[in-house]
Amino acid sequence: MKSIYKITFLFGITILVSSCHDTLAPNYQYFPNMYEHIGYDTYAESTAFKNGKEGQLPASGTIKRGFVPYGYENSTEGYDLAKLNSISPLDTISEKDFGKSKELYEIYCAICHGNEGNGKGKLVTQGKLLGIPSYKDRVINEGSIYHVMTYGLNSMGAYSNQLDQHERWLVASYVIKLKEKL
């Protein structure tokens with residue numbers, strides 16, 4: 001009988017506490033810094049750092065995780081060295097990778113260079129750009145293609161922001177396959 005009274009008492013307390021709870025007012029916060037952190041405006045003044053600015057530059061010599069530095073500089077000499085020495089890290093291209101490389105080429109390159117690599121892309125046929133050569137007329141290899149996609153050349157801009165390193169090598173291998181067909 002005592003257990004029934006205890007259960008009834010606990011049940012009554014539970015109802016009393018839950019019915020008095022105001023759903024419009026928040027509960028207590030035990031660690032308020034976790035919920036209401038001190039936000040800093042970008043490039044605002046702050047006493048948190050020695051130089052008094054909130055926005056800090058990365059430490060010198062740091063690189064993005066997963067990034068492999070490209071060893072050739074953006075110059076004519078760098079292009080020539082890349083053409084001679086740069087080798088694709090892709091041993092073979094699977095059917096899936098070939099489909100991906102074709103898709104990337106058609107998104108980023110075919111608008112100027114054409115789907116066949118003949119230099120007759122949509123912008124050329126509409127007269128918007130002139131002087132896009134056919135891959136057949138160029139002395140190129142995967143290293144030189146990768147270098148040009150990384151840094152750009154003449155009126156062609158760099159694609160290193162749009163395509164990661166692996167994707168640039170995929171497109172370079174696809175361009176070589178197109179060159180062989182011409």
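FYI, the numbering just counts along the sequence from 1.
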Can you find a pair of side-chain heavy atoms, one from [X] and one from [Y], that are under 4.5 Å apart?
{"X": "K177", "Y": "F98", "value": "yes"}
{"X": "S160", "Y": "Y151", "value": "no"}
{"X": "V175", "Y": "C109", "value": "no"}
{"X": "Y108", "Y": "L163", "value": "yes"}
{"X": "I145", "Y": "I176", "value": "yes"}
{"X": "Y146", "Y": "S88", "value": "no"}

Membership question, hydrophobic clusters at under 4.5 Å side-chain separation (ILVMFWY): are L178 and L153 in the same one?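 As far as the 4.5 Å side-chain criterion goes, L178 and L153 are connected within one cluster.
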
Quick check for you: to the nearest 0.5 Å, what is the distance between [X] atom [atom1] and [Y] atom [atom2]?
{"X": "N51", "Y": "E45", "atom1": "CG", "atom2": "CD", "answer": "10.5 Å"}
{"X": "E142", "Y": "Y174", "atom1": "CD", "atom2": "OH", "answer": "14.0 Å"}
{"X": "S173", "Y": "N141", "atom1": "OG", "atom2": "CG", "answer": "12.5 Å"}
{"X": "I111", "Y": "K128", "atom1": "CD1", "atom2": "NZ", "answer": "10.5 Å"}
{"X": "S75", "Y": "L81", "atom1": "OG", "atom2": "CG", "answer": "7.5 Å"}
{"X": "S101", "Y": "R168", "atom1": "OG", "atom2": "CZ", "answer": "15.0 Å"}

Could you tell me which non-hydrogen atom of [X] sits nearest to which non-hydrogen atom of [Y], and how far apart they are?
{"X": "K179", "Y": "R138", "result": "NZ-O, 2.7 Å"}
{"X": "I132", "Y": "C112", "result": "CG2-O, 3.7 Å"}
{"X": "A110", "Y": "N115", "result": "CB-OD1, 3.1 Å"}
{"X": "V139", "Y": "K83", "result": "O-NZ, 2.7 Å"}
{"X": "Y105", "Y": "G117", "result": "OH-CA, 3.6 Å"}

Mind jotting down which residue pairs meet the side chain to side chain donor-acceptor pair (under 3.5 Å) criterion with at least one end in residues 58-72? Sequence neighbours excluded, please.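 Matches after skipping sequence neighbours: Y70-H147.
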
If the condition is side-chain contact (heavy atoms from CB on, under 4.5 Å), which residues does T125 pass it with, not counting sequence neighbours?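 Per chain and number, T125 pairs via side-chain contact (heavy atoms from CB on, under 4.5 Å) with K120.
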
Contacts of Y135 that satisfy ring pair (Phe, Tyr, Trp, His ring centres under 6.0 Å) - sequence neighbours left out: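 Counting only residues at least two positions away or on another chain, Y135 forms a ring pair (Phe, Tyr, Trp, His ring centres under 6.0 Å) with H113.
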
Heavy-atom donor-acceptor pair, E167 side chain to L104 backbone, under 3.5 Å: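 No; judged by distance alone, with no hydrogens or angles, the pair does not exist.
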
Does [X] have more than 12 heavy atoms from other residues, nucleotides or ligands lying within 6.0 Å of its [atom1]?
{"X": "E95", "atom1": "CD", "answer": "no"}
{"X": "L10", "atom1": "CG", "answer": "yes"}
{"X": "I87", "atom1": "CD1", "answer": "no"}

Should L170 and L90 be marked as a side chain to side chain contact (heavy atoms under 4.5 Å, CB included) after you check the CA-CA gap, both sets of side-chain angles, and the distance that decides it? CA-CA 8 Å; L170 286 175; L90 309 175; 3.7 Å; yes

